[in-house]
Amino acid sequence: MKALVLDGALSVRDIEKPRRASGEVLIAVKKAGICRTDHEIVNGYIPNFSGVLGHEFLGVVAEADDASLIGRRVTAEINAPCGVCEMCRRDLERHCPHRTVLGINGRNGAFAEFVSVPRDTVVSIPDDIPDALAIFMEPLAAAYEILEQVHITADHSVLLLGDGKLAMLIALVLKQTGCRLQVVGKHARKLTLIKEMGIPQTLMLAAFVNGQYDVVVEASGNPEAFALAVANTRPRGTFVLKSTYVQHLTYNPSPIVVNEITVVGSRCGRFPNAIRFLQEYKPPLQKMITAEFPLAQAVEAFDRAKQSDALKVLLTV
Ligand SMILES: [Zn+2]
Ligand SMILES: [Zn+2]
C-alpha cells in the first residue's frame with residue numbers, strides 16, 4: 001500500500017499493508033488532516049520517530065473481529081493505552097505510560113491507504129456529521145479538553161493567544177461558554193476568519209495592550225508567547241498551555257510564583273465531546289480547509305501546510 005513515511009526525510013512509498021492483530025480494527029483511510037504536531041515530528045519533536053505519520057483521519061472499517069463494524073464510517077482516538085496499569089484503572093488512559101500514540105509514538109499513523117488500531121479506540125461517526133466536519137474531530141476534542149480541565153463560565157474574561165488551526169477550534173469551543181473572549185494573533189487573514197466564525201474580539205498582536213485575564217490560553221505554538229501569557233494572567237488566575245514547543249524556553253518563572261498562577265498543561269481530549277459539539281453547533285469548519293491533495297502528493301501537501309497562510313490541509317486517499 002501507499003503511505004507517507006518519515007525516515008529521516010518524508011517520502012511517499014509502497015510499504016506492506018498492516019496486518020490486523022486480534023482485537024484491532026483495520027480501517028481503509030478516506031481522508032486525513034495534516035496538523036502542527038506532524039510538522040513538529042518532522043522537525044524532531046519526537047526523537048528518532050520513524051514510520052507512518054498521521055493522527056487526524058476518517059475512513060471505513062475493512063476488517064474487524066466484530067463483523068457488524070465492517071463498512072462503518074469511523075475515526076479513532078489517538079492514544080492506545082495498555083488497559084491494565086494504575087493510570088488506565090483510574091480512567092486516565094491518555095496518560096498510560098505504556099501507551100502508543102497513532103502516528104506519533106510507537107504506532108504507524110493514518111497517512112496511508114490502511115491503518116490498524118485497537119478496537120477500543122475506534123469511534124463511529126454519526127451520519128449527520130459530514131466528512132468535512134468529522135476530519136476535525138481529534139483537534140476539536142483537544143480544544144474541548146480545556147473545558148474538562150478548567151471551569152469557564154460567562155463570568156470569566158479569557159485571552160486566547162494564537163490564530164492557527166487549533167486556536168480557531170479553541171475559540172469556537174470557548175465561545176459557547178459565554179465568556180468574554182479576546183483572541184490575539186499575528187495573521188490578519190486568519191483573525192478575519194475567526195471574526196467571521198462569530199468571535200468579534202480579535203486583535204493583531206501589535207495592537208494588543210496587556211490585560212489581567214481570569215484565564216489565558218496559549219495556543220500560538222510560539223515560545224515567545226509563554227511570557228506574554230503569564231504577564232496577562234491575573235493573580236490567582238489560570239494559564240492554560242496548549243502549545244508544545246520544539247525549542248527550549250529561557251524564562252524566569254518568578255511571576256508564576258508571585259502571582260500564584262495556576263499553570264495547566266492541556267493535550268488531547270475525548271471524542272464524544274467533539275461529536276456533541278459538532279452536532280449541536282454545526283460550526284463552519286469547512287472554511288478552515290485550505291487545500292486537499294491526493295496521498296501520492298503528500299510531500300507537496302506538507303509544504304503547502306507549512307506556508308503561513310495555510311490552515312487545514314487534507315490528504316485524500
Ligand atoms: Zn493533531
Ligand atoms: Zn496503561
Side-chain angles (χ1 to χ4, degrees), residues 4 6 10 23 29 31-46 49 51-59 75-112 115 117-121 123 133-146 162-173 217-221 241-246 265-271 273-274 277-278 285 288-290 298 301-302 304-306 310-315:
L4 178 70
L6 175 66
L10 278 177
V29 178
K31 268 186 206 304
I34 299 173
C35 145
R36 233 189 88 82
T37 306
D38 298 314
H39 291 293
E40 285 177 359
I41 295 169
V42 175
N43 292 334
Y45 164 59
I46 307 284
F49 178 93
V52 181
L53 288 174
H55 58 273
E56 299 176 7
F57 79 103
L58 57 92
T75 179
E77 302 228 15
I78 70 174
N79 295 287
C82 77
V84 293
C85 75
E86 181 77 19
M87 282 292 162
C88 286
R89 280 192 314 234
R90 286 196 205 165
D91 206 18
L92 290 168
E93 310 80 10
R94 283 166 295 163
H95 294 283
C96 167
H98 314 292
R99 72 186 183 278
T100 56
V101 188
L102 188 68
I104 295 178
N105 204 347
R107 177 173 283 276
N108 272 344
F111 295 155
V115 62
V117 298
R119 166 68 187 97
D120 289 345
T121 66
V123 176
L133 292 189
I135 197 66
F136 289 94
M137 190 91 77
E138 194 277 328
L140 193 56
Y144 209 95
E145 175 72 357
I146 295 171
D163 56 15
K165 303 179 283 286
L166 181 59
M168 279 184 195
L169 298 174
I170 292 171
L172 287 168
V173 167
V217 179
E218 203 300 82
S220 72
L241 183 58
K242 207 68 196 170
S243 296
T244 49
Y245 308 124
V246 179
S266 181
R267 191 178 43 127
C268 321
R270 297 178 197 274
F271 282 25
N273 288 330
F277 183 81
L278 288 171
L285 304 181
M288 285 175 57
I289 298 173
T290 300
F302 260 69
R304 181 66 188 94
K306 251 188 279 180
L311 287 165
K312 189 58 78 185
V313 174
L314 301 182
L315 297 175

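Residue numbers run from 1 in the order of the sequence given. Indexing begins at 1, ligand by ligand and atom by atom, following the structure's order. The shown structure was predicted, so the numbers you read here are calculated from the model rather than taken from an experiment.
Summarising the geometry of Val29 relative to Ala110, their closest heavy-atom pair is CG1-O, 3.5 Å, with the distance given to 0.1 Å. Residues Lys312 and Gly33 come closest through the heavy atom pair CD-CA, 4.2 Å. In this structure, Leu169 and Leu140 approach most closely via the heavy-atom pair CD1-N, 3.8 Å. Of all heavy-atom pairs spanning Pro118 and Ala80, the tightest one is CG-CB, 3.7 Å.
Under 3.5 Å, the side chains of Glu145 and Ser266 contain no donor-acceptor pair of N or O atoms.
Contact annotation: Cys88 places an N, O or S atom under 2.8 Å from the Zn ion (ligand 2).
The side chain to side chain contact (heavy atoms under 4.5 Å, CB included) with Leu311 is formed by just one residue from the set Thr290, Leu285, Asp163; it is Thr290. Among the candidates Val52, Thr100, Val101, the single residue satisfying the side chain to side chain contact (heavy atoms under 4.5 Å, CB included) test with Arg107 is Thr100.
Inside a sphere of radius 2.8 Å centred on the Zn ion (ligand 1), the protein N/O/S atoms present are Cys35 SG, His55 NE2, Glu56 OE2.
For the pair SG of Cys82 and SG of Cys85, the angle whose vertex sits at the Zn ion (ligand 2) is 110° to 10 degrees.
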